[in-house]
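Working notes for the structure below.
Basis for what follows: all heavy atoms, side chains included, without hydrogens, waters or symmetry-related copies. What you see is a predicted model, and the numbers here were worked out from it, not measured in a lab. Residue numbers begin at 1 in each chain, while the letters A, B, ... track the order of the sequences.
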There are 2 protein chains.
Amino acid sequence: MSYQIELRHFTYFLAVAEELHFRKAAERLFISQPGLSTQIKQMEAILGVQLFERDKKKVALTAAGSFLKGEIEFIMNHLQQTKKQLKLIDKGHLGEIRIGFLGSAMQKVIPDLLLKLKDRFPKVHTSLEELSNHAQVNALLKDKLDIGFVRLARVPKGLDHQTVYEDTFSLVVPMDSHIDGSNFKGVHQFAENDFILFSQDYSSLYFDTVMSICEDANFSPKVSHKSVHALTIFKLVENGLGVSIVPTALQYGFKMQVQFIELKTIKQRAILSVAWKADNRNPVLKQCLNLLLGR
Amino acid sequence: MSYQIELRHFTYFLAVAEELHFRKAAERLFISQPGLSTQIKQMEAILGVQLFERDKKKVALTAAGSFLKGEIEFIMNHLQQTKKQLKLIDKGHLGEIRIGFLGSAMQKVIPDLLLKLKDRFPKVHTSLEELSNHAQVNALLKDKLDIGFVRLARVPKGLDHQTVYEDTFSLVVPMDSHIDGSNFKGVHQFAENDFILFSQDYSSLYFDTVMSICEDANFSPKVSHKSVHALTIFKLVENGLGVSIVPTALQYGFKMQVQFIELKTIKQRAILSVAWKADNRNPVLKQCLNLLLGR
DNA sequence: AGCATTTAATAAGTATGAGTTATCAGATTG
DNA sequence: CAATCTGATAACTCATACTTATTAAATGCT
């Protein structure tokens, strides 16, 4: 004799409670009437409570049985709903993804991703955090982040990465600069200017790339200021404290009195990568990568 | 191959989800490890969703599994409570209500409620448990509690709440304090004292409110001790280790050698709320809310 | 490196009990 | 008082939830 209620008992109970007739209920359940009778009897024994009043000619719920009917209906409905949600989560249609990014990804790549997510997976929640390359790598490894938008030549073991956006670089000069788009010949024209750049520890790949751009133009830039915020850099340029070289995408999204001169001819590109932990099992991550890498 | 999930699967799943170790879980369930493995595998097959990530050396929940754990905990708790209620109804009692509370609700609100319940519904059983705000919220969501007495600015989705008692705050000072009710001018007189307060994670609203009281008096209190027990706080005050600010209601019910100075003039109030799960179907809960909110 | 000890999964056998059919006893109906 | 309902009981069977024995792979220890 089993002494544990099972869900089977619940479906049997509901059938009898609705039909109030053992034979009809048994038919509905595609089992025999004696089998149903014994199961209900067993259920009453396990619960220690009489659920049905069987008079030889009619079946009725007791007060306890009537209460139990409501509760079992609730539980079965809840269970059904849970199963549905479970499938959605498994397929990545429901859940959360934690995104880290460099400020320069906020101009185009992140909004694009968020719009696509909203469209295809409207029930997925996102949490966004602006972080340096280094902080993102750490957060990814510690599973505090699911996906990071970084500028890195390589990523540590355990992480995967893929390029998502290749941008040209642009010179950023004040509005009143005597060199502008019309008479611009090359970066070498700014060999004597002060440079304002993103800090090396915010993105060393960026820093090294800018250095190589200047090297190719046969000069070594005087770096007067470093910052981790694009806004700060533009403000300094606006006030005539120097010039800068940044990914072109940054020209959108800031209301600044500065000019952008796109460096179309140089070979260097500002490469934005997406990075994630190789063994991250968040199903939403997979969907995100599909959206980002178009696969 | 069975095509129907059973409650057995749920208890097995919970054991593995908690232990994250098949052999240990099997031991706890008093069954063999291979039996447990096949049952879990079967469960995954029936649901069509992978619940565990088995690496030869570690077991982890998937996103779907983690979600299911919470839902199954809810269902199992609800079921347990249903069984209890069923027995009570069978015996002609109305039912049971599980009450959680902060210690400071025990002075007036809880005794009032219990007296009214005893009067109007003498056959209703109550179970009482003193818990932190956070623990109460969790227990309510998982259906381990029907009603909670908390101090919270807001409650998570799924819970409803209502103010049941607004109390003034009182300063608690030693009997031999040179400042007492007769020469008390304001909280600022204690700017240099050590403060002993309820822990932030016991009730963050309380903590923040006390901080704002001190801010309004233009000082930031030195908090030398934190506790989750009113008795401890009073003991420390009694021994001259500092002063405290607590809801006035706490002055009744403890036999302590301390003075209460009621802060009638300040605007802050200690607000006690009652919280419950919006879709809780316990009929006694409705009656309780009627009694508490006078409707 | 290599041996001992983990882990979970697989294979094969067993025995419990959910289901079956056959039957019964009591109630209702013509 | 047959005929025909009802749900309960008895005896049997077969599916399957378990068991034990074993495997393959990973980790730890010397």
Side-chain angles (χ1 to χ4, degrees), chain A residues 1-62 64-66 68-69 72 157-158 278-279 281, chain B residues 1-62 64-66 69 72:
Chain A
M1 166 90 81
S2 109
Y3 51 102
Q4 169 66 32
I5 291 267
E6 290 296 346
L7 289 180
R8 160 175 36 87
H9 292 114
F10 288 179
T11 57
Y12 291 178
F13 171 81
L14 283 186
V16 177
E18 278 161 27
E19 301 284 350
L20 291 177
H21 197 290
F22 278 76
R23 189 182 51 75
K24 284 181 193 162
E27 258 169 43
R28 198 172 104 179
L29 295 164
F30 301 108
I31 63 168
S32 68
Q33 171 267 313
L36 180 58
S37 280
T38 50
Q39 284 297 303
I40 295 290
K41 208 177 173 190
Q42 184 188 93
M43 186 176 175
E44 291 177 321
I46 296 170
L47 293 172
V49 169
Q50 189 164 346
L51 302 172
F52 293 101
E53 206 66 60
R54 288 92 139 171
D55 210 82
K56 264 293 182 211
K57 201 61 191 178
K58 67 175 191 288
V59 175
L61 281 162
T62 62
S66 175
L68 187 63
K69 178 167 180 272
I72 287 185
K157 203 182 151 197
D279 63 359
R281 313 309 293 185
Chain B
M1 166 90 83
S2 117
Y3 286 90
Q4 171 66 34
I5 291 265
E6 290 296 346
L7 290 180
R8 159 174 41 88
H9 291 115
F10 288 179
T11 57
Y12 291 177
F13 170 81
L14 281 186
V16 178
E18 278 162 27
E19 301 282 350
L20 291 177
H21 198 291
F22 277 77
R23 189 182 51 74
K24 282 181 195 161
E27 257 170 42
R28 199 171 102 179
L29 295 164
F30 302 107
I31 62 168
S32 70
Q33 172 266 313
L36 179 58
S37 281
T38 51
Q39 285 297 301
I40 295 288
K41 212 175 170 192
Q42 183 188 94
M43 186 176 175
E44 291 179 319
I46 296 171
L47 292 173
V49 169
Q50 190 165 348
L51 302 173
F52 292 100
E53 205 65 57
R54 288 90 139 174
D55 210 81
K56 262 288 184 223
K57 202 60 195 182
K58 68 174 190 287
V59 174
L61 281 162
T62 62
S66 173
K69 177 166 181 271
I72 288 185

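Between A/Phe22 and A/Leu36, the shortest heavy-atom contact is O-CD2, 3.4 Å. The minimum heavy-atom distance between A/Tyr12 and A/Ile31, with the atom names listed, is CZ-CD1, 3.9 Å. Scanning both residues, A/Lys69 and A/Leu14, for their nearest heavy atoms gives O-CD2, 4.1 Å.
One can place NE2 of B/His9 at 11 Å from P of D/dT16, the figure rounded to the nearest angstrom. Across the protein-nucleic acid pair, A/Glu27 atom CD and D/dT6 atom C1' stand 14 Å apart, rounded to whole Å. Rounded to whole Å, atom P of C/dA18 lies 13 Å from atom CE of A/Met43. Atom CG in A/Leu29 sits roughly 15 Å away from atom P in C/dA18 (whole-Å rounding). For the pair B/Leu7 CG and D/dA17 C1', the computed distance is 16 Å after rounding to whole Å. Going from atom CD1 of B/Ile46 over to atom P of D/dT16 covers 11 Å, rounded to whole Å. The CD1 atom of A/Ile31 sits 17 Å away from the P atom of D/dA15 (whole-angstrom rounding). As rounded to whole Å, 16 Å separates atom C1' of D/dC18 from atom CD of A/Gln4.
To the nearest 0.5 angstrom, B/Arg8 atom CZ is 12.0 Å from B/Leu29 atom CG. The CD atom of B/Glu27 sits 9.0 Å away from the NZ atom of B/Lys24 when rounded to the nearest 0.5 Å.
Among the atoms of the strands shown, none is found under 4.0 Å from any heavy atom of B/Phe52.
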> Could you write nucleotides 8-15 of chain C as a row of B, S and -, 5' to 3', where a protein heavy atom under 4.0 Å of any base atom gives B, of only sugar-phosphate atoms gives S, and otherwise -?
Replying inline: BBBB----
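Under 3.5 Å, the side chains of B/Ser37 and B/Gln33 contain a donor-acceptor pair of N or O atoms.
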